[in-house]
Novice: 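Sharing a structure with you now.
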Number of protein chains: 2
Amino acid sequence: MKIGRRVTAEEVAKAVGVSRATVGFVLNDTPGQSISEDTRRRVLTAALQLGYRPNSAAQALARGYSDIVLLVLPDWPIDDVMHHLLTEIALALDEAGYTLVAWSPHVSGAGRPLWELIPADLVMGMAPFDAEQVAALHANGVAIFPEPDDPGQSGHGGGRFAAGPRLQVDHLADLGHRRIAYARPADPRLAFLAGDRFRLVHEQAGRRGLHVVDDRVTDLGSAAAAVRDWLNAGCTAVVAYNDYVASVVTGAALRAGVAVPDELSIIGHDDSPLAEVFVPSLTTVRINLRAIAQEVAAFALRKIAGAPAGLGDGPAIAATLVPRESTATPARNAVR
Amino acid sequence: MKIGRRVTAEEVAKAVGVSRATVGFVLNDTPGQSISEDTRRRVLTAALQLGYRPNSAAQALARGYSDIVLLVLPDWPIDDVMHHLLTEIALALDEAGYTLVAWSPHVSGAGRPLWELIPADLVMGMAPFDAEQVAALHANGVAIFPEPDDPGQSGHGGGRFAAGPRLQVDHLADLGHRRIAYARPADPRLAFLAGDRFRLVHEQAGRRGLHVVDDRVTDLGSAAAAVRDWLNAGCTAVVAYNDYVASVVTGAALRAGVAVPDELSIIGHDDSPLAEVFVPSLTTVRINLRAIAQEVAAFALRKIAGAPAGLGDGPAIAATLVPRESTATPARNAVR
DNA sequence: CTGAAAGCGCTTACAG
DNA sequence: CTGAAAGCGCTTACAG
């Protein structure tokens with residue numbers, strides 16, 4: 001579809017009666033051009049009143065860069081936490097003069113992927129993606145964070161980003177729980193990330209001598225049955241994928257007459273606003289989003305600079321326990 | 001920052017040994033060119049293995065359009081509902097061959113606004129913006145939805161989008177409540193929209209003969225005091241800005257020993273996932289996001305086509321009551 | 001201080 | 001079927 005054309009710098013030049021180049025110099029504040037104050041003012045005035053706005057495509061083409069970083073996200077539900085992370089990334093990149101565009105590919109048909117449409121200096125994807133997605137992204141020149149080859153990284157939840165799930169387990173272990181369950185979200189788009197987090201929980205449970213009795217998708221419909229099964233299997237606590245899943249499990253337990261935390265402790269992940277408000281308030285784990293955002297930004301800047309972008313040896317991303325009402329020592333069903 | 005250069009179509013042409021134009025015709029599947037199957041295949045193969053990807057800036061410049069719609073959002077917290085709305089808008093535009101970029105300007109410094117950087121066919125803002133913002137956006141050629149001049153529209157909450165707040169009031173009136181309070185969110189970024197919704201609640205309350213006793217910002221810290229004050233003032237119900245605010249008020253009430261809904265009814269807005277999970281589950285109002293999304297998309301397409309983009313006489317956006325546990329008939333403090 | 005011009009990498013008539 | 005070329009609207013040396 002053709003677009004109504006706009007005023008060009010050429011026309012501004014004509015209106016003022018100066019050369020095309022002069023207009024460019026004034027508009028871009030090009031240093032070392034000594035243009036008379038009067039000329040400068042006239043150009044600026046004319047540009048303003050003609051409604052001149054530079055054509056960004058032409059600008060990007062001529063300059064060879066655009067100062068845009070395009071971040072491709074998995075097709076996740078974007079919750080408060082994700083949104084917060086994106087904001088922090090945008091801020092970190094902004095400090096370096098880059099503007100962040102966050103975009104999730106959608107299923108459908110006619111529209112083309114954004115990385116074919118906008119002139120980004122860097123297109124990067126934020127893991128986890130499955131193998132097929134990684135291949136497709138790489139074929140399109142999309143860098144992926146963290147780098148899948150990076151040792152010690154298993155998607156977004158692996159390696160240095162493992163503190164959250166570990167802390168969930170540690171908290172329950174410290175309270176004296178021995179048998180726990182893992183509750184996954186129902187949304188299939190989260191299956192991959194949930195798998196990552198579950199693996200970390202499972203490993204840490206092994207280290208701390210806990211039994212992970214069950215690992216189950218939990219939505220509003222199925223949560224009540226899951227809670228019953230877990231109690232029957234001797235569970236005294238549940239690790240939830242995130243605070244929303246924790247609230248689903250908690251809500252189901254309460255409605256089934258199971259006291260939280262007296263009969264079942266439940267810990268969430270993310271410290272989303274919901275966790276503090278829920279009754280009972282939800283014990284959870286807060287991860288250092290700003291630190292992750294700064295890694296992402298640093299990764300992007302290194303890639304743009306053409307440097308090898310391996311994550312190197314930065315410190316592990318910290319997680320903090322946020323203890324609230326939904327966890328306590330096991331009062332019943334405690335195994336030895 | 002200069003970017004590492006990429007393979008051009010020129011180089012593909014050289015590699016294959018055909019003219020630059022031929023490459024373009026093959027790549028774009030230009031009709032009416034009758035290129036031999038062999039040539040076509042060789043071009044495609046070479047492009048693939050050289051890793052050719054078209055330069056989008058050059059493409060946009062030469063074509064004069066980009067198939068991008070840039071949607072500028074107020075700097076809101078993006079919750080599930082907003083995200084859902086954006087997804088629906090993206091889908092609706094996708095059907096017309098456009099790719100949506102959603103972007104919120106952030107406060108800070110170095111990065112330039114996205115509309116100066118990407119070659120969008122249309123830049124539109126989704127209201128509400130305050131007067132100052134509207135002026136700034138207009139100066140940058142940003143179209144605003146809904147059009148502020150449009151009669152019967154007062155920002156995003158006005159006119160045809162008024163069904164939600166009205167329904168909140170109607171539900172409470174139908175139940176027999178006579179004195180109600182309005183609970184606003186603490187986030188200052190939402191002040192403008194909250195003002196819109198409050199106005200609609202106030203008007204509808206007047207129509208239904210209800211008294212709006214108080215209108216107050218409610219966060220976790222202040223909610224308990226607010227609940228006490230409301231009860232003392234004879235309120236039997238609260239209209240909340242959205243489900244999160246409703247959950248804050250409900251949580252505070254329960255912790256203060258005030259029974260919900262027996263002593264205080266609370267109704268939210270949006271039907272976010274939280275509303276169903278909370279204990280007690282929250283009565284709320286669901287708005288037809290898809291209908292709004294389709295309006296937004298239609299508005300965009302009309303603007304791009306250069307047509308007058310007035311919203312015209314579309315039907316009002318529907319809202320549906322979602323009755324749950326947090327509202328009931330007033331048991332106490334009922335006025336006459 | 002200013003003008004004439006090449007070049008960014010595409011698209012797309014226009015000749016052959 | 002293919003080649004030579006103008007043009008999109010900028011930036012930016014290079015002469016004057």
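We name chains A, B, ... by the order of the sequence lines, and we start the count at 1 in each one. Here the structure is a predicted model, which means the values were calculated and not measured.
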Novice: Report the C-alpha separation of B/Asp121 and B/Ser66 in whole Å, then their side-chain angles, then the decisive distance to 0.1 Å, and conclude whether the side chain to side chain donor-acceptor pair (under 3.5 Å) test is met.
Specialist: CA-CA 6 Å; B/Asp121 291 349; B/Ser66 65; 3.1 Å; yes

Novice: Could you work out which one of C/dG9, C/dT2, D/dC10 sits closest to the side chain of B/Ala62?
Specialist: C/dG9

Novice: Where each residue is assigned the nucleotide of DNA chain C containing its nearest heavy atom, which of B/Phe25 and B/Ala57 is assigned the position nearer the 5′ end?
Specialist: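 Nearest-nucleotide comparison on DNA chain C picks B/Ala57.
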
Novice: Is the backbone of A/Asp75 close enough, under 3.5 Å, to the side chain of A/Ser104 for a donor and an acceptor to pair up by distance?
Specialist: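 No; judged by distance alone, with no hydrogens or angles, the pair does not exist.
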
Novice: Mind listing the residues from residues 38-46 of chain A sitting with a heavy atom below 4.0 Å of DNA chain D? Number order is fine.
Specialist: none

Novice: Can you tell me the distance, in whole Å, between the CZ atom of B/Arg6 and the P atom of C/dC10?
Specialist: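 Rounded to whole Å, this separation is 8 Å.
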
Novice: Treating a pair as Watson-Crick (purine N1 to pyrimidine N3 plus N6-O4 or O6-N4) or G-U wobble (N1-O2 and O6-N3) with both distances under 3.5 Å, list the stems of 3 or more consecutive pairs that involve DNA chain C.
Specialist: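 Stem list for DNA chain C: C:1-3 with D:14-16, C:5-12 with D:5-12, C:14-16 with D:1-3.
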
Novice: Are the side chain of A/Thr99 and the backbone N or O of B/Leu114 linked by a donor-acceptor pair below 3.5 Å?
Specialist: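 Checking the backbone N and O of B/Leu114 against the side chain of A/Thr99, no donor-acceptor pair under 3.5 Å is found.
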
Novice: For A/Gln133 versus A/Phe129, what's the shortest heavy-atom pair and its separation?
Specialist: OE1-CA, 3.3 Å

Novice: Would you list the atom pairs, donor with acceptor, under 3.5 Å between side chains in residues 43-54 of chain B and any protein atom, with sequence neighbours excluded?
Specialist:
from	atom 1	to	atom 2	distance (Å)
B/Thr45	OG1	B/Arg41	O	2.7
B/Arg53	NH1	A/Asn140	O	3.4

Novice: A/Glu10 CD to D/dC8 P: how many Å, rounded?
Specialist: 10 Å

Novice: May I have the distance from B/Tyr65 (atom OH) to D/dG9 (atom P), rounded to whole angstrom?
Specialist: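 Roughly 15 Å, once rounded to whole Å.
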
Novice: In this structure, how many angstroms lie between the C1' atom of C/dC10 and the CZ atom of B/Arg53, rounded?
Specialist: 16 Å

Novice: Choosing from C/dT12, C/dC10, D/dC1, which nucleotide comes nearest the side chain of B/Ser36?
Specialist: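 So the side chain of B/Ser36 is nearest to D/dC1.
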
Novice: Is the phosphate of C/dC10, meaning OP1 or OP2, less than 4.0 Å from a side-chain N or O of B/Tyr52?
Specialist: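 Yes, such a contact exists.
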
Novice: Taking CD1 from B/Ile35 and P from D/dC1, how many angstroms apart are they, rounded to a whole number?
Specialist: 9 Å

Novice: Using modelled atom types and a 3.5 Å cut-off, is there a donor and acceptor pairing between side-chain atoms of A/Thr87 and backbone atoms of A/His83?
Specialist: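 A pair under 3.5 Å: yes.
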
Novice: Tell me the interatomic distance from A/Leu61, atom CG, to C/dC10, atom P, rounded to whole angstroms.
Specialist: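 Going from CG in A/Leu61 over to P in C/dC10 covers 9 Å.
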
Novice: Rounding to an integer number of Å, can you tell me how far B/Lys14 NZ sits from D/dA4 P?
Specialist: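 From B/Lys14 NZ to D/dA4 P: 12 Å.
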
Novice: Taking all non-hydrogen atoms of both residues into account, name the closest pair between A/Leu100 and A/Leu86 and its distance.
Specialist: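 Heavy atoms of A/Leu100 and A/Leu86 come nearest at CD2-O, 3.8 Å.
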
Novice: Have a look at B/Ala21 and say if it touches a base, only the backbone sugar-phosphate, or nothing, with a 4.0 Å heavy-atom cut-off.
Specialist: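 It contacts base atoms.
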
Novice: Does a side-chain N or O from B/Asn28 land closer than 4.0 Å to OP1 or OP2 of C/dT11, or not?
Specialist: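 Result: yes.
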
Novice: Looking only at the side chain of A/Gln59 (C-beta and beyond, no hydrogens), which of the listed nucleotides D/dT12, C/dC10, D/dC10 gets closest?
Specialist: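 The answer is D/dC10.
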
Novice: Working note: B/Arg40 + B/Glu37, criterion salt bridge (Lys or Arg N to Asp or Glu O under 4.0 Å); need CA distance, chi angles, decisive distance, verdict.
Specialist: CA-CA 5 Å; B/Arg40 183 178 298 276; B/Glu37 252 329 297; 3.8 Å; yes

Novice: State whether the number of non-hydrogen atoms from other residues, nucleotides or ligands found under 6.0 Å of A/Arg290 atom CZ is greater than 12.
Specialist: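 Atom CZ in A/Arg290 is not packed in, count stays at 12 or less.
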
Novice: Could you check which of D/dG9, D/dT12, C/dC10 has an atom nearest any side-chain atom of B/Arg20?
Specialist: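 Side chain of B/Arg20 sits closest to C/dC10.
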
Novice: Give the rounded distance in Å between these two atoms: CD of A/Glu116 and C1' of C/dC10.
Specialist: 15 Å

Novice: Closer than 4.0 Å, any side-chain N/O of A/Ser19 to the OP1 or OP2 of C/dG3?
Specialist: yes

Novice: Under a 3.5 Å distance rule, please check whether A/Asn28 uses its side chain to pair with a backbone N or O of A/Thr30 as donor and acceptor.
Specialist: no

